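Lettering follows sequence order; numbering is per chain, from 1. Everything quoted here is computed from the prediction, not taken from an experiment.
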There are 2 protein chains.
Amino acid sequence: MIPPSIGSPACLPQELVSSPVFLLGRLGFEIKRRAIEELEAAGSSMYHYSVLALLGEGACSAQAAIADVLKLDRSQLVGLLDELEQHGFIERRRDPSDRRRHTVSLTAEGRDQLGRLRALVRRIEDDFLAPLDQQSREALYGLLLQVARHHDARFSRPAEQAAAVG
Amino acid sequence: MIPPSIGSPACLPQELVSSPVFLLGRLGFEIKRRAIEELEAAGSSMYHYSVLALLGEGACSAQAAIADVLKLDRSQLVGLLDELEQHGFIERRRDPSDRRRHTVSLTAEGRDQLGRLRALVRRIEDDFLAPLDQQSREALYGLLLQVARHHDARFSRPAEQAAAVG
DNA sequence: TATTGTTATACTCTATAACTATA
DNA sequence: TATAGTTATAGAGTATAACAATA
């Protein structure tokens, strides 16, 4: 009783499937969704991971700087740092030279947590890129990085321009 | 007076930059943001474009089917179709064989609008992928499609498996 | 007056749940 | 009773604005 033109179509419109933009948007959304889901199940979040990763490289410490690099709102960062501090992963201390500022630093436990989250994210990544072999993954990464650098200078590595990928 | 360890760091943590997942998430978000922004400035939206593109290929007509393919909520689709109908881009008619259903179809004006939006999206795409030459774009597209197909069967083309990319 | 971190508020999406009319 | 479309409601997430302490 179902006419062929009605009913659930088999696939997405070819016009959208053939668009790199549409594909990129969908995949970006999906990988983000997965990461959020799995990190939340582990009692953490992508935001936590980003902040810990940043502090792990010792790049910056003032809250405003952290917010700028990660493109977060300062007021949003406050809540994140509260949570990380409650778990004992970071410390906030007043900067003696400018008492308005808070110096944020990673604790030993924070470093451990960073290691756990890093492993988890690597696994998520590995699952997501499952259909690609190592060579294809590197090719994909290289192409994405070219595009990212073109739009956002912060993706450029200042010194080690020719370092290995993974 | 600014100590070197404070202040705004030059770039993102290497750990995040070297992660395909992070990169994919960022780029997907950014391209989506641009598309939303530019289509909105043109009085339309990515949702409108998706619906028109789907109808343009004549694949389906019942609202529930449209919602399923585009992964939209049925209640969300109602508002979108309202807008498209107000602009005269689509028509809703009751299906005589099942008066609960609405048969949605593209008008001549809708087809014109689809053409305009298609051109706009192509331009956005072209700008976004500017740093890549044609060969790199095709390589990127191929890799993204492999991943997309692995996670969502609707990205598979039923017949023309070996068709051209762009 | 300007800036840092903070708190409070408003707004936009989206997801869920109820409602109607048909089957 | 179940389903298609619709409407109404609630929640999460995010952006904006006000605030207190310090420069």
Whole-Å distance, Ile36(A) CD1 to dT14(C) P, equals 13 Å
Side-chain N,O (Tyr47(B)) to OP1/OP2 (dT14(C)) below 4.0 Å
yes
Q. Do the side-chain N or O atoms of Gln76(B) get closer than 4.0 angstrom to the phosphate oxygens (OP1, OP2) of dT14(C)?
A. yes
For His151(A) together with Phe128(B), are the ring centres under 6.0 Å from each other? yes
> Is the phosphate of dT4(C), meaning OP1 or OP2, less than 4.0 Å from a side-chain N or O of Arg74(A)?
Replying inline: yes
To the nearest angstrom, the CZ-C1' distance between Arg101(A) and dA20(D) comes to 18 Å
- Heavy atoms under 4.0 Å, any strand shown: does Arg94(A) hit a base, just sugar-phosphate, or nothing? nothing
inquiry  = With no hydrogens and no angle check, just 3.5 Å: does a side-chain donor-acceptor pair link Arg101(B) and Gln63(B)?
reply    = no
When you compare the side chains of Glu15(B) and Tyr49(A), does any donor N or O come within less than 3.5 Å of an acceptor on the partner? yes
Rounded to whole Å, CG of Leu72(A) lies from P of dG13(D) at a distance of 14 Å
Using only heavy-atom distances, determine whether the side chains of Glu125(A) and Ser19(B) contain a donor-acceptor pair under 3.5 Å.
-> yes
When rounded to whole Å, the CG to P distance for the pair Asp82(B) and dT6(D) reads 7 Å
note: Arg100(A), atom CZ; dA2(C), atom P; distance rounded to Å ~ 13 Å
When rounded to whole Å, the CG to C1' distance for the pair Asp73(B) and dA17(C) reads 11 Å
By nearest-nucleotide position on DNA chain C, the 5'-leaning member of Phe29(A) and Asp98(A) is Asp98(A)
Between Glu40(A) and Val78(B), the residue closer to the 5' end of DNA chain D by nearest nucleotide is Val78(B)
When rounded to whole Å, the CG to C1' distance for the pair Leu77(B) and dC13(C) reads 16 Å
Hydrogens and angles aside, do Gln113(A) and His87(A) bring a side-chain donor and acceptor to less than 3.5 Å of each other? no
(request) Report yes if a side-chain nitrogen or oxygen of Arg99(B) is closer than 4.0 Å to either non-bridging phosphate oxygen (OP1 or OP2) of dA4(D); otherwise report no. (result) no
(message) So, OP1 or OP2 of dT6(C): does either fall under 4.0 Å of a side-chain N or O from Arg92(A)?
(response) yes
- Query: Can you find an N or O donor on one side and an acceptor on the other, under 3.5 Å apart, linking the side chain of Ser75(A) with the base of dT16(D)?
  - Reply: yes
Rounded to whole Å, the CD-C1' distance (Glu37(B) to dT12(C)) equals 16 Å
